[in-house]
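Each remark here refers to the structure printed beneath this line.
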Amino acid sequence: MDFHLKKRARNEIKVEVVSLETKYPHNVMIYNYPPIDDIQIEEFEDLALERLRLLRIFDHAGAKGLRLLSDDWKEYVNAELSREGLRNYLRLCTTSGANATGAKHEADIQTRRRDYLSHFILRLAYCRSEDLTRWFIGREMEYFKYKFSALSGPEIKQFLEANNFHFQPLTESQKDEIKDGLYESTAGQSVTKIELLDFYKVPFTQVLDLVRGRRCYLNAGYAYVNTHDLVSIVGTKQQDEIEQGLQAAKLLIDDVEADERIARMLKALHTSYTGKDYTVSREIAVPIESLDQLSKTSMPLCMRVCHEHIRTQHHIKHGGRMQYGLFLKGIGVTLEDSIRFWRDEFSKKMDVDKFTRSYEYNIHHNYGKKGSMVNYSPYSCLKIIKEMAAPGDCHGCPYKALDQTTLKSKLTSYSLSPSACEEIMYFVSRGHYQFACGKYFMLTHNSQTEVAINHPNTYFEESQNLMGNRQKRNPSSQASQAKSKIHQNLIKGHADRSMLMGQDDDELWRIAESQERAYQSQKGISEAFDDDLDLTEIVD
RNA sequence: GGCGGC
DNA sequence: GCCGCCAACATA
Ligand code: SF4
């Protein structure tokens, strides 16, 4: 795997198609020879992301429970491929027989090249941990099988020759000679199907699994397998190749990462989720000690309710754990803090290792540290509102889930004036929950400007901005210093002079007011949360 | 909470 | 009973 990376732009960008055709002779290729192309760093990165988008599609298809290569599966995958702008790969997967024998379109050859290179690039990113390689191999094999399954008879033949598989399809007369054997011993195919299928004569040692399962006809040391079984033979070859490649890549990784840019890219790759990514908050880590504060000043009602529920009940049902847990991640609570937070609360009602056993994995998973390593974004309002309130415990969006009288009393208990309540209830009664939420925001921040809420984390950030924790695009060293200072003051519940430097007047007002309110509301917190705990049976 | 494995 | 794995998706 030696890529020669050239930062210098090349004059002859366009490589000759003729040579490419011979280099990448087939839509489906065994990834056995590491490419020795010169490649620019931009393309390197581009290819990496492209491959990632490709493999994620197979990932999602599997996750939806669609059976590999079933019609539903294909329909989904094809749709996603074109939606993701990967139509060229779609062609590799579906273009077969009919037009394959004639002249190839140049674009297809280029795609083969991208296919080949991008695979090897991703090896570098996915060789570094068990979890990653397992995922990578799984998706690659699904992709491979899809491509292979689309091949026509002649193409399969061509593929086998190109890759030194010495199998040939039986001629009609050969097939005729052993047709009784085939009918009798070929698993999973009807007689009429067998008439149509191509069969291959292979040394039985290559298909021991089929032989052992008595799934194919066996004669004189040769097994006779149909096209479908061929996928598994060829596939294991491909898989071996990839597995070995990953091992090899692991050894070469330091070499490749000598370039700082490459190193950073490769390490970040599996986290750099394609499309928009709001999964990692840009903020300075939010300490869990400040959550009580924040729940009162900056969290939307749905999250505030969750938080208080957890603090008083020391437990919350699954839906709430997802909703609030992801939200916390979104506002900048670190994984470690998050675990600490849940553990501290939950362990008041259950022993600690019971907690560890049943909840810790999920928290890791939500942070993208387990399994497929997907870093999930926090729930949006739509999602939360759609979720119907579970009878037992958590609530989705309080404006929707709570009935009007309990909602109103909840609001007044949060010290909102009766008239303020009415303003909110107006929207609630019309089913405009997000407007109600926006109204709540205005009232609690005494802001004049209308705000449309469609994501709890937006609500939070909006609130933080208004309170003086404004984030800078480029966190210069002094800006972030100022911010962390504000941060600490927020924890203590009041502002000091230095944090107000450089703000204009009405911002000062707003800050002063909201800080004051935060301070006031904090005073009640300790006794409010200090309840006598009742040990009711925990049911998730 | 669902699915899956022993 | 133990365990692993999943879900999501706003924003300027
Ligand atoms: S509107 Fe959105 S943010 Fe506001 S409470 Fe409902 S779900 Fe939470």
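The sequence lines fix the lettering, A, B, ..., with proteins before strands; numbering per chain opens at 1.
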Q. Looking at C:dA8, C:dA10, C:dT11, which one has an atom nearest to any side-chain atom of A:Glu461?
A. C:dT11
Q: Could you please name the option among C:dA10, C:dA7, C:dC9 that lies closest to any side-chain atom of A:Ser377?
A: C:dC9
(Q) Measuring to OP1 and OP2 of C:dC5, would you say a side-chain N or O of A:His365 lies under 4.0 angstrom away? (A) no
Q. Hey, does the side chain of A:Arg134 come within less than 4.0 Å of C:dC5's phosphate (OP1/OP2), counting only N and O?
A. yes
**Q.** With sequence neighbours excluded, residues passing side chain to side chain donor-acceptor pair (under 3.5 Å) with A:Arg430
**A.** A:Tyr426
(Q) Check whether A:His445 reaches the backbone of A:Ser447 with its side chain - one donor and one acceptor, N or O, closer than 3.5 Å. (A) no
Q: Say whether, by atom type as modelled, one donor and one acceptor occur between the side chain of A:Glu45 and the main chain of A:Met265 under 3.5 angstrom.
A: no
Considering only nitrogen or oxygen atoms on both sides, find all protein atoms under 3.5 Å from nucleotides 1-3 of chain C and state each distance.
{"residue": "C:dC2", "atom": "OP1", "partner": "A:Arg357", "partner atom": "NH1", "Å": "3.3"}

Q. Please give, in whole Å, the distance from C:dA7 C1' to A:Tyr324 OH?
A. 20 Å
Q: Have a look at A:Gly371 and say if it touches a base, only the backbone sugar-phosphate, or nothing, with a 4.0 Å heavy-atom cut-off.
A: sugar-phosphate
Q.
Near DNA chain C, counting only heavy atoms under 4.0 Å, which residues of residues 379-388 of chain A show up?
A. A:Tyr379, A:Ser380, A:Lys383
Q) Hey, does the side-chain of A:His455 have a donor or acceptor N/O within less than 3.5 Å of a partner on the base of C:dA8? A) no
